[in-house]
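One-based numbering along the sequence shown.
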Amino acid sequence: MLAEDGPDDRAGSVGSSTVALTAPPAEGATAISSTTPARGALWAVSAGWVVSRTLVVLMITGVIKIGLDVSTDITLIYHAWYEVLQTGTFPMDDVTWQYPPGAALVILLPGLLPWSYLVSFWVCCGIFDAAAMVLLVRSGARRGRSLAGGWMWVVGVPLLGPTVYNRYDILVTAIAVIGLLVLLRRPVLGGMLLGLGGLLKLWPLVALAGTPRGRRTTRSWTGALAALSSLAFLLAAGMNGAFQFLTFQANRGIEVESVGALPIHFARLFGAWHGQVQMNYGSVEMLGPWVSVISKVALAGTAVGFGWLLYWRLRARRWQAATTYDAALAALLIFTATSRVISPQYMVWLVGLAAVCLTVRGTSQRPVAVMILITTLLTTLEFPLNFGDTVNSHPLGVATITARNLLLVAATVVSCRRLWLSTRGDRPEPTAVTSVLPGPEQSSYPVRPGIAYEQSLLDD
């Protein structure tokens, strides 16, 4: 039995009057069996989070030492910004302030807690980390879903070492993860959360790239725009210098860990580049010959990447439950790989969206998630363990950052290719089946009934 498509704004097959289903379930299986994780699996992933975060706490407190002391960003930079923001103005004369105005909310947040600014910041990171974990597990526990997303979050976050709780990116990632997880069911709320994330650090907005066509796109994008514009207006009206960061961003060079820095690293290794490497706009950047050209190439790469995403969106013929999440991860990989700056903490962005993808059994991004985990591990080997070798373009540093960046580029290509293939309209149609659920009506469900359940969310 085949399920009929609904109105034009539904996200099913395009150009076909049916939605094809997969082969029948095994003999003796019911439509609802094998859809809910066992209680033991839920306890295991929860225990895994507790153990892994205990490891993170030991690293950030220095009990386990991992390379450089990375807490100085909080004690020296974030706390200094906190003192300025309390006066009702943004740190306009500080070129290290590279963030949208919503970042002020994150910097001010630890001041609401009773401990020192450093400890309060760590507590905030832990709270948001736990919130993301709860939503990932809750989503993965639904019928037809998977706890693999929860495990990705359990394993991926501590791979960044102490850096992950000493930067505010995990707070932004948690907001983006929660927003993306609720996007299909509550598009306005999901859009608002992603809009809030965009006001904190821009990138969560790219997660809207794969919203299903029709009402969900309209509602989610409207929600994101409303949250972004209203909060930006309030912050700009209440504090001076809300958008000064745009001037600082325009004057940035090529950060030593970016993909664009690789040719300069190799040229410097062989004595063919004679520019400067120094702290610039809050990060270690390369300044001098080739930098201007590489910056333009990087910006062009971003434009081409997002142009491809638009083309994909126009040509996509199959919109499955996983498509929204897969497209968000592909968009973020494009955004990250083509950026002039790839700071170590950026990897938690990718871990978060990969975790969201893995909550759906039908995701096309499983190999990409593995590549992201390896990329995250290589990032920690580069920073904070061997950052001096990278800054000075020593062989070990160049080898590590090259491996990390090439794997990141490869993950981007694989992600985009698998997204494209998963939404093509010319693939062979699977065998249709009939299955009976309790109640007066007969419905069609595949081997994994949750896939049909998720599809029904798109077809509402």
Side-chain angles (χ1 to χ4, degrees), residues 3-20 176 179-180 183-185 187-188 190-191 194-195 198 202-226 228 298-339 350 353-354 356-357 360 362-365 367-368 409 411-430 451 454-460:
E4 296 183 357
D5 281 348
D8 293 339
D9 67 344
R10 292 184 178 184
S13 297
V14 176
S16 172
S17 62
T18 61
V19 176
L180 198 52
L183 192 64
L184 292 180
R185 292 170 170 269
V188 175
L194 292 174
L202 293 182
W203 70 262
L205 294 174
V206 307
L208 294 166
T211 52
R213 297 190 187 106
R215 291 175 296 174
R216 276 186 176 78
T217 289
T218 302
R219 291 172 181 174
S220 60
W221 291 15
T222 300
L225 180 61
L228 184 67
L299 291 173
T302 303
V304 170
F306 282 104
W308 178 86
L309 274 174
L310 177 60
Y311 180 72
W312 161 79
R313 187 175 174 88
L314 295 174
R315 293 296 299 261
R317 293 294 178 266
R318 295 174 180 271
W319 222 278
Q320 305 170 54
T323 302
T324 296
Y325 304 155
D326 294 353
L329 180 58
L332 182 58
L333 279 163
I334 291 171
F335 180 82
T336 304
T338 60
S339 175
L350 301 175
L353 293 204
V356 173
C357 291
V360 182
T363 180
S364 65
Q365 303 295 303
V368 179
V409 172
T412 304
V413 173
V414 171
S415 177
C416 292
R417 181 177 183 275
R418 292 181 70 87
L419 174 65
W420 177 272
L421 294 176
S422 70
T423 56
R424 280 170 50 183
D426 57 350
R427 294 189 301 173
E429 299 288 353
I451 300 298
E454 295 289 345
Q455 188 67 45
S456 70
L457 292 178
L458 297 178
D459 292 340
D460 283 344

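Evaluation of the side chain to side chain contact (heavy atoms under 4.5 Å, CB included) rule for A224 yields L208 as partners, not counting sequence neighbours. T412 meets the side chain to side chain donor-acceptor pair (under 3.5 Å) test with no other residue; sequence neighbours excluded. Listed by chain and residue number, F306, T338 satisfy the side chain to side chain contact (heavy atoms under 4.5 Å, CB included) test with T302 (two or more places apart in sequence, or in another chain). Evaluation of the side chain to side chain donor-acceptor pair (under 3.5 Å) rule for W203 yields no partner, not counting sequence neighbours. Listed by chain and number, the residues in a side chain to side chain contact (heavy atoms under 4.5 Å, CB included) with R418 are S364, Q365, P367, V414 (sequence neighbours excluded). Here T217 pairs with T211, W221, R313 under the side chain to side chain contact (heavy atoms under 4.5 Å, CB included) rule; sequence neighbours left out.
Rounded to the nearest 0.5 angstrom, R317 CZ and R424 CZ are separated by 12.5 Å. One finds the CG atom of L350 at 5.0 Å from the CG atom of L332 (value rounded to the nearest 0.5 Å). Taking CZ of R318 as the reference point, atom CG of L421 lies at 12.0 Å (rounded to 0.5 Å). Note: L329 CG to I334 CD1 = 10.0 Å, rounded to the nearest 0.5 Å.
The shortest non-hydrogen separation linking G198 to L228 is C-CD1, 4.0 Å. Listed here is the closest heavy atom pair of L205 and G195: CD2-CA, 4.0 Å. Of all heavy-atom pairs between A209 and A331, the closest is CB-CB, 4.0 Å. Closest of all the heavy-atom pairs between P212 and T324 is CD-OG1, 3.4 Å. Looking at every heavy atom in both residues, L419 comes nearest to A330 through CD2-CB, 4.0 Å. Of all non-hydrogen atoms in V360 and A322, the two that sit nearest each other are CG1-CB, 3.7 Å.
Not a single donor-acceptor pair under 3.5 Å links the side chain of T423 to the backbone N or O of W319. Side chain of Q320 to backbone of S422: a donor-acceptor contact under 3.5 angstrom is found.
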### Query
Does the side chain to side chain contact (heavy atoms under 4.5 Å, CB included) test come out yes or no for Y325 and L184, once each step is laid out?
CA-CA 10 Å; Y325 304 155; L184 292 180; 4.1 Å; yes

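Between L333 and V368, the closest side-chain pair of non-hydrogen atoms falls below 4.5 Å. Between V188 and T222, the closest side-chain pair of non-hydrogen atoms is not below 4.5 Å.
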